[in-house]
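Only one structure is covered here, and it is reproduced in the block below.
Proteins come first, then strands; the chains are lettered A, B, ... in the order of their sequence lines, and each starts at number 1.
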2 protein chains.
Amino acid sequence: MDNNTATSIFGSLSSGIRLDVYRLLVKTGPAGLVAGEIAAALGLPSTNLSFHLKAMTHAQLLGVTQEGRFQRYRANMPLMLDLITYLTEECCSGHPEQCFDQASAFDCCESELSNPLTQTETKP
Amino acid sequence: MDNNTATSIFGSLSSGIRLDVYRLLVKTGPAGLVAGEIAAALGLPSTNLSFHLKAMTHAQLLGVTQEGRFQRYRANMPLMLDLITYLTEECCSGHPEQCFDQASAFDCCESELSNPLTQTETKP
DNA sequence: TCAATACTTCAATAATTGTTGTATTATTGA
DNA sequence: TCAATAATACAACAATTATTGAAGTATTGA
């Protein structure tokens, strides 16, 4: 992960439409959705959605596979994990527990179970 | 966390300069840096840096406190955790382990130790 | 008090990004 | 084959964002 890759991912998620698309595809997981389903779910004109899908695919935030005349899009989850790693590299110069001393409602550094990405159940 | 908040955070990190600023401040942790130190570290004209710091502060990605004639900036780490939670809410409709079955090099769902935010040591 | 320092604001301009409608490509099923 | 469907490409225009230099505000220390 380098600065350019990271900024293009962030740029991809800096529009309300693209963020909605991404969250929708995170929700559907490996099944993904074809472009028309995304357009219907979000109520967007196909030409505008296509513009945004292209941007997200170019940033590698989405993957796409052809199925006949359909294009199926999926969220690239591993890339998001890479991005988080990049953001927190050298956190507090190697002492990440300090980053959260300031915060009240976070106990992430005391617990190994606080990352939503690593849990299958968040509502016990 | 709502769509608008999240897109403004992503917009904040969609410029190479702002991403450099954020990562620099993550690295310095609670100590933070004053504006002049950031400008010196990144080699930026103060007027341009000020523009970017204002954008990041407005998005709440940075906090700022006055110290005499200095302005000290710090990264808002808890906000980043909120953002990650927002992105992964309803991941795979409640079955996040599926999101990573596609990936080869990630074992996050088998291990509770893979989140950089929850570790104090990443290089054993 | 006053010059120097730290930083921000403002205005002008440049560059990038977003939206829409129309046209085009490719695939399917009758 | 051919009309219908799915989606993308292009062009025009609108809107937003970035950069710079000059001017302004506030604080400090001599």
Side-chain angles (χ1 to χ4, degrees), chain A residues 3-25 28 31-76, chain B residues 3-25 28 31-76:
Chain A
N3 185 298
N4 280 348
T5 305
T7 55
S8 75
I9 296 169
F10 287 124
S12 277
L13 294 171
S14 68
S15 118
I17 289 176
R18 290 191 296 262
L19 182 55
D20 285 342
V21 169
Y22 182 75
R23 294 198 349 122
L24 181 60
L25 290 175
T28 60
L33 290 174
V34 301
E37 292 171 328
I38 300 170
L42 302 179
L44 292 169
S46 67
T47 180
N48 190 16
L49 177 63
S50 189
F51 168 83
H52 291 297
L53 289 174
K54 185 182 176 183
M56 298 173 79
T57 306
H58 184 75
Q60 304 196 66
L61 200 56
L62 303 185
V64 59
T65 54
Q66 185 158 6
E67 294 181 4
R69 57 183 148 174
F70 301 88
Q71 299 289 120
R72 182 167 299 271
Y73 288 89
R74 295 179 176 86
N76 182 351
Chain B
N3 185 298
N4 279 349
T5 305
T7 55
S8 76
I9 296 169
F10 287 123
S12 277
L13 294 171
S14 68
S15 117
I17 289 176
R18 290 192 298 263
L19 182 55
D20 285 342
V21 170
Y22 183 75
R23 292 196 352 121
L24 182 61
L25 290 174
T28 59
L33 290 173
V34 301
E37 292 171 327
I38 300 170
L42 302 179
L44 292 170
S46 66
T47 180
N48 190 17
L49 177 63
S50 189
F51 169 83
H52 290 296
L53 289 174
K54 186 182 177 184
M56 297 174 80
T57 305
H58 184 75
Q60 304 197 64
L61 200 55
L62 303 185
V64 60
T65 54
Q66 185 159 5
E67 294 181 5
R69 58 183 148 174
F70 301 87
Q71 300 289 120
R72 182 167 299 272
Y73 289 89
R74 295 179 178 86
N76 181 351

*Between Leu33(A) (CG) and dA6(D) (P), how many Å, whole number?*
15 Å

_Near DNA chain C, counting only heavy atoms under 4.0 Å, which residues of residues 49-62 of chain A show up?_
Phe51(A), His52(A)

_Any Tyr73(A) side-chain N or O less than 4.0 Å from OP1/OP2 of dA6(D)_ = no

*For Arg72(A) and Val34(A), which heavy atoms make the closest approach, and how far apart are they?*
NH2-CG1, 3.6 Å

*asked:* Expressed as a whole number of angstroms, how long is the span from Leu44(A):CG to dT20(C):P?
replied: 9 Å

*Enter the distance from Asn3(B):CG to Asp20(A):CG here, rounded to the nearest 0.5 Å.*
4.5 Å

Between the protein and nucleotides 13-15 of chain C, which nitrogen or oxygen pairs are less than 3.5 angstrom apart?
none

*asked:* Using a 4.0 Å cut-off on heavy atoms, which residues in residues 8-23 of chain B reach DNA chain C? List them by number, or say none.
replied: none

*For the helix from dT1(C)-dA30(D) to dA30(C)-dT1(D), what is the angle between the axes at its two ends, each from 5 pairs, rounded to 10°?*
20°

*side-chain contact (heavy atoms from CB on, under 4.5 Å) partners for Ser8(B), two or more places apart*: Ala59(B)

Review item, nucleotides 3-6 of chain C N/O atoms under 3.5 Å of protein N/O:
from	atom 1	to	atom 2	distance (Å)
dT5(C)	O4'	Arg69(B)	NH1	3.4
dT5(C)	O2	Arg69(B)	NH1	3.1

*Report yes if a donor N or O on one partner sits less than 3.5 Å from an acceptor N or O on the other, where the partners are the side chain of Thr47(B) and the base of dT8(C); otherwise report no.*
no

*Taking CD from Glu67(A) and P from dT28(C), how many angstroms apart are they, rounded to a whole number?*
11 Å

